[in-house]
**Q** 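Have a look at the structure that comes next, please.
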Amino acid sequence: MIKKMDILLVVFLFAVAGIMYHFASENAAGDVLYIYKNNKLYGTYSLKKDKTIDINSGKQKNTVAIKKGKAMMKFSTCKNKHCIMHGSINKKGESVICAPNKILLKIVGKDASGYDAVSE
């Protein structure tokens, strides 16, 4: 026989599953990589095309690789190499920062605002 607590447990589990689905879908894969150098936009690149980007500024050198829909800092002349150890990124809102060389990699959605659509 089904008890009141059994029904509450099922409802609770569905609510938790719905909340988890909501948060998981917010971190969907991005489409575009923005690269900033000294707080200025250096370039915009599609994550759908494999590419290697060299960013050179005097003695500071960085190499960004886009492969299989993911972007990563492949090489950097900075001392600590945290940007390389960060690994690859591909979800909207993720970023990699090379603070000594003042480089930021940022994943966004389909347009510059990071939104997939805008309604009026």
**Q** Do other residues, nucleotides or ligands put more than 12 heavy atoms under 6.0 Å from the NZ atom of Lys61?
**A**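 For Lys61, atom NZ is crowded (more than 12 foreign heavy atoms under 6.0 Å).
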**Q** Roughly how far, to the nearest 0.5 Å, is the NZ atom of Lys68 from the OG atom of Ser88?
**A**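 Here the rounded value is 11.5 Å.
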**Q** Show which residues join Met5 in its hydrophobic cluster (side-chain heavy-atom contacts under 4.5 Å, direct or indirect), or state none.
**A**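 Joined to Met5, directly or through intermediates: Leu8.
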**Q** Taking NZ in Lys51 as the centre, count heavy atoms belonging to other residues, nucleotides or ligands within less than 6.0 Å. Is the count above 12?
**A**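 12 or below, so no.
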**Q** So for atom CG, which belongs to Asn39, do other residues, nucleotides or ligands contribute more than 12 heavy atoms lying within a distance under 6.0 Å?
**A**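 No - once you tally the heavy atoms of other residues, nucleotides and ligands closer than 6.0 Å, there are 12 at most.
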**Q** Start with the C-alpha distance between Lys70 and Glu94, add both sets of side-chain angles, then the distance that settles side-chain contact (heavy atoms from CB on, under 4.5 Å), and finish with yes or no.
**A** CA-CA 11 Å; Lys70 296 182 179 185; Glu94 286 185 321; over 6 Å; no
**Q** Rounded to the nearest 0.5 Å, what separates atom OG1 in Thr44 from atom OH in Tyr34?
**A**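 Between atom OG1 of Thr44 and atom OH of Tyr34 there are 4.5 Å.
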**Q** Enter the distance from Lys74:NZ to Met72:CE here, rounded to the nearest 0.5 Å.
**A**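 Separation between the atoms: 5.0 Å.
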**Q** Step by step, would you call Ser46 with Asp31 a side-chain contact (heavy atoms from CB on, under 4.5 Å)?
**A** CA-CA 6 Å; Ser46 171; Asp31 301 304; over 6 Å; no
**Q** Is Asn101 close to Ser76 at the side-chain level, that is, under 4.5 Å between some pair of heavy atoms?
**A**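 In short, these two side chains touch, coming nearer than 4.5 Å.
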**Q** Is there a side-chain contact between Thr77 and Phe75 (heavy atoms, below 4.5 Å)?
**A**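 Yes. Closest side-chain heavy atoms under 4.5 Å.
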**Q** Report yes or no: does Asn90 contribute a side-chain atom to a donor-acceptor pair with the main-chain N or O of Ala71 at less than 3.5 Å?
**A**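 No, the answer is negative, given that no donor and acceptor are paired below the 3.5 Å cut-off.
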**Q** With a 4.5 Å cut-off on side-chain heavy atoms, are Lys37 and Ser57 touching?
**A**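 In short, these two side chains touch, coming nearer than 4.5 Å.
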**Q** Using a 4.5 Å cut-off between side-chain heavy atoms of Ile, Leu, Val, Met, Phe, Trp and Tyr, which other residues end up in the same hydrophobic cluster as Ile107?
**A**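 Under the 4.5 Å side-chain rule, Ile107 groups with Leu33, Ile35, Tyr42, Tyr45, Leu47, Ile53, Ile55, Val64, Ile66, Met73, Ile84, Ile89, Val96, Ile103, Leu105.
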